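Below: one structure, written as structure tokens.
The structure displayed is predicted, hence computed values, not measured ones.
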Amino acid sequence: MKLKIAVCLMLGSLSVNALAETTYHYPKSTNQYGQLDYIFVTATNGSGFCEEKKQTYSKIIAGEMFCGEDESSYNEFDWSSKTWVSKSTGSKNQCYPIFKQITCS
């Protein structure tokens with residue numbers, strides 16, 4: 001009987017956690033110029049995006065990317081000022097990793 005109760009409690013907590021996840025498709029953030037733009041994939045940008053949503057979410061648990069274009073700009077999160085900063089790609093004829101999806105929990 002104790003095992004059944006423990007399993008039910010565990011399953012109940014898993015379903016509550018599953019409801020606390022949201023996936024953002026082609027997420028954008030507002031940079032220092034007030035422009036809304038896509039976000040570079042870095043070790044901290046996904047966390048910064050989820051941190052902004054922390055009324056409910058606080059961490060990134062998954063993400064996907066697509067390729068950004070040359071001679072474009074995308075946003076990076078500056079943790080010291082807690083703001084988004086626009087960064088240029090330059091023109092190296094390469095793929096610039098941009099978030100296609102961010103899942104926050």
Do Phe49 and Val41 share a hydrophobic cluster, counting only Ile, Leu, Val, Met, Phe, Trp and Tyr and linking them when any side-chain heavy atoms are less than 4.5 Å apart?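 The answer is yes; both residues are in one hydrophobic cluster.
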
If two hydrophobic side chains count as joined below 4.5 Å and joins carry through other members, does Phe40 share a cluster with Trp79?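 Per the 4.5 Å side-chain linkage, Phe40 and Trp79 are not co-clustered.
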
Shortest non-hydrogen contact from [X] to [Y]?
| X | Y | result |
| --- | --- | --- |
| Asn75 | Ser86 | OD1-CA, 3.6 Å |
| Met65 | Cys95 | CE-SG, 3.9 Å |
| Ile60 | Gly46 | CD1-CA, 3.7 Å |
| Cys50 | Ile102 | SG-CG2, 3.8 Å |
| Ser72 | Tyr74 | CB-OH, 3.6 Å |

Spacing of [atom1] belonging to [X] relative to [atom2] belonging to [Y], to within rounding of 0.5 Å:
| X | Y | atom1 | atom2 | value |
| --- | --- | --- | --- | --- |
| Ile39 | Tyr26 | CD1 | OH | 14.0 Å |
| Ile61 | Thr103 | CD1 | OG1 | 6.0 Å |
| Ser88 | Asp70 | OG | CG | 9.5 Å |
| Glu71 | Ser91 | CD | OG | 5.0 Å |
| Glu52 | Ser47 | CD | OG | 12.0 Å |
| Glu64 | Thr23 | CD | OG1 | 9.0 Å |

Face-on cation placement of Lys100 at Tyr38 ring, 6.0 Å and 45° thresholds: no

Would you say CD of Glu69 has more than 12 non-hydrogen atoms from neighbouring residues, nucleotides or ligands within 6.0 angstrom?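 Not more than 12 within 6.0 Å, no.
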
Count the heavy atoms of every other residue, nucleotide or ligand shown that sit under 6.0 Å from NZ of Lys82, and state whether that count exceeds 12. yes

Evaluate the side-chain proximity of Val85 to Gln32: yes if any heavy-atom separation is below 4.5 Å, no if none is. yes

Kindly state each residue pair satisfying ring pair (Phe, Tyr, Trp, His ring centres under 6.0 Å) with at least one member in residues 80-105, sequence neighbours excluded.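 Of all non-adjacent pairs touching residues 80-105, those that pass ring pair (Phe, Tyr, Trp, His ring centres under 6.0 Å) are Phe77-Trp84.
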
